[in-house]
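Reviewing the structure listed below.
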Amino acid sequence: MEPTLILSPEAQSTAGILLLTIVAVEFGGWYVLQLVTGRQEATPFQKAFARAGHAHAGVLVSLALICQIFADAAGLEGPGATLARTGVPLAAILIPGGYFLSSAGRGATEPNRLIVLFSAGAISLARLVVALGYVLSR
């Protein structure tokens, strides 16, 4: 039986890596479960940031997988294709990282300077989805 969708080698390898990161997202879910059940000490602020970080990780990894197909569908090549393939995965690292790392430390009640990772990830995400959306809508 022939496949109905043929991915470029770049999309295939990136998608393979993204699928493997689901294990890290699962671990994050286990960690959040430890927090909300009281097995791990955390402030309400830390619990909220852990939930947000975990949710963003799962959604952004899923979106990154979809963008691999869209980048192929748009016929992107060269630097544009590289940007389309890496923008959302980068956001999937930076945004959750901003949540988790900025709330780290015993008894934290507000974000530390690493919250800047969230902004960097949001910028990466916005740039990519606008660019890819524009290319696909032409």
Side-chain angles (χ1 to χ4, degrees):
M1 181 171 166
E2 288 189 41
T4 57
L5 176 67
I6 299 173
L7 296 175
S8 67
E10 296 82 10
Q12 188 172 343
S13 63
T14 304
I17 292 166
L18 288 166
L19 285 168
L20 293 173
T21 68
I22 297 296
V23 176
V25 176
E26 287 180 315
F27 178 77
W30 174 82
Y31 174 70
V32 170
L33 181 63
Q34 300 306 302
L35 293 178
V36 300
T37 58
R39 293 184 180 130
Q40 176 81 31
E41 277 190 43
T43 65
F45 158 74
Q46 289 172 315
K47 289 178 186 178
F49 263 45
R51 284 180 175 145
H54 176 62
H56 279 82
V59 168
L60 291 171
V61 168
S62 299
L63 178 60
L65 283 164
I66 293 166
C67 285
Q68 302 310 304
I69 297 168
F70 287 158
D72 276 3
L76 296 175
E77 296 178 353
T82 301
L83 176 63
R85 292 191 201 299
T86 60
V88 178
L90 180 60
I93 294 167
L94 293 174
I95 292 174
Y99 279 117
F100 285 111
L101 296 175
S102 72
S103 64
R106 185 174 297 277
T109 58
E110 60 184 45
N112 63 34
R113 291 184 204 167
L114 291 175
I115 194 67
V116 71
L117 295 174
F118 177 88
S119 298
I123 290 167
S124 174
L125 178 63
R127 283 181 155 174
L128 179 277
V129 296
V130 167
L132 190 54
Y134 174 76
V135 169
L136 287 168
S137 67
R138 292 186 309 157

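Counting only heavy atoms from C-beta outward, the side chains of V36 and R51 approach each other to under 4.5 Å. In this structure, the side chains of E41 and R106 come closer than 4.5 Å at one or more pairs of heavy atoms.
Once rounded to the nearest 0.5 Å, the distance linking CZ of R39 with OH of Y31 reads 14.5 Å. Residue L128 holds its CG atom at 5.5 Å from CG of L83, rounded to the nearest 0.5 Å. Interatomic distance, L33 CG to L35 CG, rounded to the nearest 0.5 Å: 9.0 Å.
For S124 against G87, the heavy-atom pair with the smallest separation is OG-O, 2.9 Å. Minimum heavy-atom separation, A84 to A71: CB-CB, 3.9 Å. Of all heavy-atom pairs between C67 and V88, the closest is SG-CG2, 3.9 Å. Across A108 and F45, no two heavy atoms sit closer than the pair O-CD2, 3.4 Å. Across all non-hydrogen atoms, the minimal contact from T82 to T86 is O-OG1, 2.8 Å.
Judged purely by atom type and a 3.5 angstrom limit, Q68 uses its side chain to pair as donor or acceptor with the backbone of R85. Counting only distance, with no hydrogens or angles, the side chain of Q46 and the backbone of S103 share a donor-acceptor pair below 3.5 Å.
Within a 6.0 Å sphere centred on CD of E77, heavy atoms belonging to other residues, nucleotides or ligands number 12 at most. Atom CZ of F100 sits in a crowded spot, with more than 12 heavy atoms from other residues, nucleotides or ligands closer than 6.0 Å.
Partners of F118 by ring pair (Phe, Tyr, Trp, His ring centres under 6.0 Å), not counting sequence neighbours, listed by chain and number: Y99.
Under a 4.5 Å side-chain heavy-atom criterion applied to ILVMFWY residues, the cluster that includes L20 comprises that residue alone. Within the hydrophobic cluster formed by Ile, Leu, Val, Met, Phe, Trp and Tyr side chains joined at under 4.5 Å, directly or through other members, L114 is accompanied by L90, L94, L101, L117.
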Donor-acceptor contacts, no H, no angles, side chain residues 130-138, under 3.5 Å, sequence neighbours left out:
unit_1	atom_1	unit_2	atom_2	d
S137	OG	G133	O	3.1
S137	OG	Y134	O	3.0

Could you pull out every donor-acceptor pair under 3.5 Å between side chains of residues 53-64 and any protein atom, sequence neighbours left out?
unit_1	atom_1	unit_2	atom_2	d
H54	ND1	V25	O	3.3
H54	ND1	G29	N	3.3
H56	ND1	A52	O	2.8
S62	OG	G58	O	3.0

Pair up each side-chain donor or acceptor in residues 10-17 with any protein partner under 3.5 Å, not counting sequence neighbours, and list the distances.
unit_1	atom_1	unit_2	atom_2	d
E10	OE1	S8	OG	3.4
S13	OG	P9	O	3.3
S13	OG	E10	O	3.2
T14	OG1	E10	O	2.9

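Hydrophobic clustering, with ILVMFWY side chains joined whenever heavy atoms are under 4.5 angstrom apart, groups I115 together with L125. Following chains of ILVMFWY side-chain contacts shorter than 4.5 Å, one cannot reach L7 starting from I66, and the two form parts of different hydrophobic clusters.
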- Message: Set out, in order, the CA-CA distance, both residues' side-chain angles and the distance that settles side-chain contact (heavy atoms from CB on, under 4.5 Å) for F70 and V129, then state yes or no.
- Response: CA-CA 10 Å; F70 287 158; V129 296; over 6 Å; no
